[in-house]
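Inspection log for the structure reproduced underneath, given as structure tokens.
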Amino acid sequence: MKKNEMTWQAMLTEAVSLVSAVIYLGLQIYYGISYGVSAINIIMNVVVMLLVYAGLTMLGIYPERVNGLTKEACSGDVRKYTIRMVRIAKLIFVSGLLFTSICDVMGKELPAGYTVGVIFLMVAVALYYEYRIIRILRERYKK
């Protein structure tokens with residue numbers, strides 16, 4: 001989606017995701033220094049987050065790759081919903097990591113089901129938008 005086509009909600013989602021990622025990086029460095037965590041562990045946490053963030057950003061730029069559609073098929077509402085799905089998944093992913101990092105710095109332990117809850121939320125968002133996309137594609141190619 002071009003910048004001039006972005007709504008304020010899309011810009012807010014992208015901004016919150018980016019700020020959360022930067023704060024996460026800072027907290028990882030702080031946690032590593034304060035608690036004596038090995039540099040390899042911190043680097044691996046940061047690299048994984050950056051790779052997933054970059055991958056989701058690329059899917060937001062090329063939404064036709066998400067569902068394996070052609071550029072012609074991935075237009076209109078299909079494109080809009082695909083981009084929205086990727087943005088929300090990215091926001092959930094980065095916010096989930098940020099929350100765990102905040103809890104680590106504070107010395108709080110999260111319940112075992114927290115990660116499963118974040119993954120479930122991401123899958124629920126993906127299923128919701130994929131349902132809408134499939135419904136649009138079926139109507140479009142019903143003829």
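As a basis for the values below, the full set of heavy atoms in this structure was taken, side chains included, without hydrogen atoms, waters or symmetry mates. We're numbering straight along the sequence, starting at 1.
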### Query
Do Gln28 and Met49 have side chains that get closer than 4.5 Å, going by heavy atoms?
no

### Query
Say you draw a straight line from CG of Leu110 to SG of Cys103; how long is it, rounded to the nearest 0.5 Å?
4.0 Å

### Message
Any heavy-atom pair between the side chains of Tyr129 and Ile88 that's under 4.5 Å?
### Response
yes

### Task
Answer yes if Val16 and Leu121 sit in the same cluster of Ile, Leu, Val, Met, Phe, Trp and Tyr residues linked by side chain heavy atoms under 4.5 Å apart, and no otherwise.
no

### Query
Is a side-chain donor or acceptor of Tyr35 paired with a backbone partner of Val105 at a separation under 3.5 angstrom?
yes

### Task
Could you pull out the closest heavy-atom pair between Cys74 and Pro63, with the gap in Å?
SG-C, 3.9 Å

### Message
So for atom CG, which belongs to Leu51, do other residues, nucleotides or ligands contribute more than 12 heavy atoms lying within a distance under 6.0 Å?
### Response
yes

### Message
Tell me the closest heavy-atom pair linking Ala73 and Leu137, and the distance in Å.
### Response
O-CD2, 4.1 Å

### Query
When rounded to the nearest 0.5 angstrom, what distance separates OH in Tyr62 from CD in Glu64?
8.5 Å

### Message
I want to check something: taking the side chain as every heavy atom from C-beta on, are Arg65 and Met58 in contact at a cut-off of under 4.5 Å?
### Response
no

### Summary
Rounded to the nearest 0.5 angstrom, the CG-CG distance for Leu18 and Leu91 is 11.5 Å

### Message
Please determine whether side-chain contact (heavy atoms from CB on, under 4.5 Å) holds for the pair Lys90 and Leu59, giving the CA-CA distance in whole Å, both sets of side-chain angles, and the decisive distance to 0.1 Å.
### Response
CA-CA 10 Å; Lys90 182 170 46 172; Leu59 287 175; over 6 Å; no

### Message
Less than 6.0 angstrom separating the ring centers of Tyr114 and Phe99, yes or no?
### Response
yes

### Task
State, to 0.1 Å, how close Gly60 and Val86 come at their nearest heavy-atom pair, and which atoms those are.
N-CG1, 3.8 Å

### Query
Would you say Met106 and Tyr30 are hydrophobically clustered, going by side-chain heavy atoms of ILVMFWY under 4.5 Å?
yes

## Note on the structure
Output for pair (Tyr24 OH, Leu98 CG), nearest 0.5 Å, gives 9.5 Å

### Query
Can any side-chain N or O of Ser95 pair as donor or acceptor with the backbone N or O of Ile92 at less than 3.5 Å?
no

### Query
Atom CD1 in Ile43, atom OG in Ser38: separation rounded to 0.5 Å?
8.5 Å

### Query
Met85 and Tyr128: same hydrophobic cluster, using ILVMFWY side-chain contacts below 4.5 Å?
yes

### Summary
Test side-chain contact (heavy atoms from CB on, under 4.5 Å), reference Ile133, set Val66, Asp77, Thr82, output is Thr82

### Task
May I ask you to test the Tyr131-Leu127 pair for a side-chain heavy-atom distance under 4.5 Å?
no

## Note on the structure
Taken to the nearest 0.5 Å, the spacing of Trp8 CH2 from Thr13 OG1 works out to 8.5 Å

### Message
One pair to check against side-chain contact (heavy atoms from CB on, under 4.5 Å): Glu130 and Asn67. What are the steps and the verdict?
### Response
CA-CA 9 Å; Glu130 284 297 329; Asn67 295 316; 2.8 Å; yes

### Query
Taking side chain as C-beta onward, heavy atoms only, is Phe93 less than 4.5 Å from Val118?
no

### Message
Can you give me the closest heavy-atom contact between Met11 and Met6, atom names plus distance?
### Response
CE-O, 3.5 Å

### Query
In terms of hydrophobic clusters joined by side-chain contacts under 4.5 Å, are Met44 and Ile29 together?
no

### Query
Under a 4.5 Å cut-off applied to non-hydrogen side-chain atoms, are Ser75 and Lys80 in contact?
no

#### Entry: Same apolar cluster (I L V M F W Y, side chains within < 4.5 Å links), Val37/Leu50
yes

#### Entry: Audit row: Arg84, Gln9, side-chain contact (heavy atoms from CB on, under 4.5 Å) steps and yes/no
CA-CA 10 Å; Arg84 192 177 296 168; Gln9 294 97 338; over 6 Å; no

### Side-chain heavy atoms of Arg87 within contact of Ser17, under 4.5 Å
no

### Minimum heavy-atom distance between Val94 and Ala21, given as atom pair plus value
CG1-N, 3.3 Å

